[in-house]
Amino acid sequence: MGDNDDDIPQLSSHTLAALQEFYIEQQQREGMKTSEDFNHYSVGSVEEDWQLSQFWYNDETASCLANEAVLAAGKGGRIACISAPSVYQKLKEQHGKDFSVCILEYDKRFSVYGEEFIFYDYSNPLNLPENVLPHSFDIVIADPPYLSKECLSKTAETIKYLTKGKVLLCTGAIMEEHAARLLGVKMCKFIPKHTRNLANEFRCYVNYDSGLD
């Protein structure tokens, strides 16, 4: 007996066209990432993973927070970005500026940034490499991945371990009271924006006189 093609499911022409378009776009993205002109530090060079609660800041917000961090850290300052890769990437685009920065992230895709990448799991807030010394950063920028008291509380442990004093926290407006109690931070007038609209109102908090008001 010959093969019976009638038993094989057939995709509609519309579905086939959509699949082809998807694969072309995917190939283009991968091609860009391997090209010499691709900027590995541009916001969005690592795509959001919603399963990890990743939502990148838009370009204006990332730039604003990066500039604020540089001013707060001061000349020769050290900056730590906890779960805030958009800010880290903007900082890295500022070639020649007199500061150093590292990124603490659970997502190991960011290990492409080499020695500046530190694997970080907020559920183990003080499980850090031995060379990450306490109170060794002039400012810590943090954006806890989840709007929960547990996540903020544990991230706050890391923040207090790392910072010499200055804290820039980005989280939901509903966390204001808890953030103030944990870190002594106050809400700023500046409202951070993301590349995608979030359901929850998002705000910035600091514990020092900042340029975000």
Side-chain angles (χ1 to χ4, degrees), residues 43 48 50 52-58 60-74 77-91 99 101-107 118 120-128 132-213:
V43 175
E48 296 168 332
W50 295 350
L52 295 177
S53 189
Q54 292 176 340
F55 302 95
W56 304 154
Y57 301 128
N58 66 19
E60 182 182 358
T61 292
S63 294
C64 182
L65 295 178
N67 292 336
E68 172 60 31
V70 172
L71 289 172
R78 299 190 71 213
I79 302 168
C81 298
I82 301 176
S83 306
S86 306
V87 180
Y88 168 82
Q89 290 165 332
K90 275 298 174 187
L91 286 164
F99 64 85
V101 59
C102 71
I103 175 173
L104 289 82
E105 255 294 343
Y106 181 80
D107 188 345
I118 298 169
Y120 174 70
D121 182 350
Y122 79 84
S123 63
N124 294 294
L126 299 181
N127 184 17
L128 300 169
V132 179
L133 301 176
H135 313 304
S136 56
F137 291 90
D138 296 281
I139 183 169
V140 176
I141 305 167
D143 184 345
Y146 302 104
L147 292 181
S148 71
K149 289 184 177 180
E150 180 202 15
C151 183
L152 181 53
S153 297
K154 291 187 173 181
T155 304
E157 288 185 54
T158 313
I159 294 170
K160 288 186 282 190
Y161 176 84
L162 294 176
T163 186
K164 293 179 180 178
K166 293 180 180 178
V167 175
L168 199 174
L169 175 70
C170 298
T171 189
I174 61 172
M175 305 303 291
E176 180 180 10
E177 185 178 333
H178 196 53
R181 184 168 61 252
L182 287 170
L183 294 165
V185 292
K186 293 190 293 186
M187 185 183 288
C188 304
K189 292 179 182 177
F190 176 75
I191 299 177
K193 303 290 185 182
H194 295 77
T195 56
R196 304 173 191 270
N197 292 325
L198 302 188
N200 298 291
E201 183 184 358
F202 218 74
R203 299 303 293 262
C204 289
Y205 306 83
V206 294
N207 66 344
Y208 62 95
D209 292 331
S210 77
L212 298 175
D213 276 328

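Values below: every heavy atom of this structure, side chains too, minus hydrogens, waters and symmetry copies.
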Within a strict 4.5 Å, meaning less than it, do heavy atoms of the [X] and [Y] side chains meet?
{"X": "S83", "Y": "Y106", "value": "no"}
{"X": "C81", "Y": "L91", "value": "yes"}
{"X": "P144", "Y": "L169", "value": "yes"}
{"X": "I141", "Y": "L65", "value": "no"}
{"X": "I79", "Y": "Y88", "value": "no"}

Classify the ring geometry of H194 against F202: parallel below 30°, tilted from 30° to 60°, perpendicular beyond 60°.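 Rings of H194 and F202: perpendicular, as their planes differ by over 60°.
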Return the minimal non-hydrogen interatomic distance between [X] and [Y], and the atom names on each side.
{"X": "M175", "Y": "K149", "result": "CE-N, 3.8 Å"}
{"X": "R78", "Y": "S136", "result": "NH1-O, 3.1 Å"}
{"X": "C188", "Y": "D213", "result": "CA-OD1, 3.2 Å"}
{"X": "V185", "Y": "A179", "result": "CG2-O, 3.5 Å"}
{"X": "Y205", "Y": "T171", "result": "CE1-CG2, 3.6 Å"}

More than 12 heavy atoms from other groups under 6.0 Å of NZ on K193:
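Counting other residues, nucleotides and ligands, NZ of K193 stays at 12 neighbours or fewer.
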If you measure from [atom1] on [X] to [atom2] on [Y], what distance do you get to the nearest 0.5 Å?
{"X": "D143", "Y": "C204", "atom1": "CG", "atom2": "SG", "answer": "8.5 Å"}
{"X": "H178", "Y": "L147", "atom1": "NE2", "atom2": "CG", "answer": "11.5 Å"}
{"X": "S148", "Y": "K154", "atom1": "OG", "atom2": "NZ", "answer": "9.5 Å"}

Could I get the full list of side chain to side chain donor-acceptor pair (under 3.5 Å) partners for T61, not counting sequence neighbours?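 N58.
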Please answer whether the main-chain N or O of [Y] pairs with a side-chain N or O of [X] as donor and acceptor at a distance below 3.5 Å.
{"X": "H135", "Y": "L162", "result": "no"}
{"X": "N207", "Y": "G184", "result": "no"}
{"X": "T163", "Y": "I159", "result": "no"}

- Message: Checking K166 now: which residues fulfil salt bridge (Lys or Arg N to Asp or Glu O under 4.0 Å) with it, not counting sequence neighbours?
- Response: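 Here no residue qualifies.
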- Task: State which residues pass salt bridge (Lys or Arg N to Asp or Glu O under 4.0 Å) with R203; sequence neighbours excluded, sorted by chain then number.
- Result: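 Checked R203 against salt bridge (Lys or Arg N to Asp or Glu O under 4.0 Å); matches are E201.
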What pairs of residues pass the salt bridge (charged side-chain N to carboxylate O under 4.0 Å, His left out) test when at least one of them lies in residues 156-165, not counting sequence neighbours?
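Only D138-K164 qualify under salt bridge (charged side-chain N to carboxylate O under 4.0 Å, His left out).
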Legend entry - Listed partners of C64 passing side chain to side chain contact (heavy atoms under 4.5 Å, CB included), at least two apart: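 Counting only residues at least two positions away or on another chain, C64 forms a side chain to side chain contact (heavy atoms under 4.5 Å, CB included) with F190, L212.
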- Task: Check the pair Y120 / T155 against side-chain contact (heavy atoms from CB on, under 4.5 Å), numbers first and verdict last.
- Result: CA-CA 10 Å; Y120 174 70; T155 304; 4.0 Å; yes
Enumerate, atom names and distances included, each donor-acceptor pair closer than 3.5 Å involving a side-chain atom of residues 121-128, sequence neighbours excluded.
| from | atom 1 | to | atom 2 | distance (Å) |
| --- | --- | --- | --- | --- |
| D121 | OD1 | S123 | N | 3.1 |
| D121 | OD1 | S123 | OG | 2.7 |
| D121 | OD2 | S123 | OG | 3.1 |

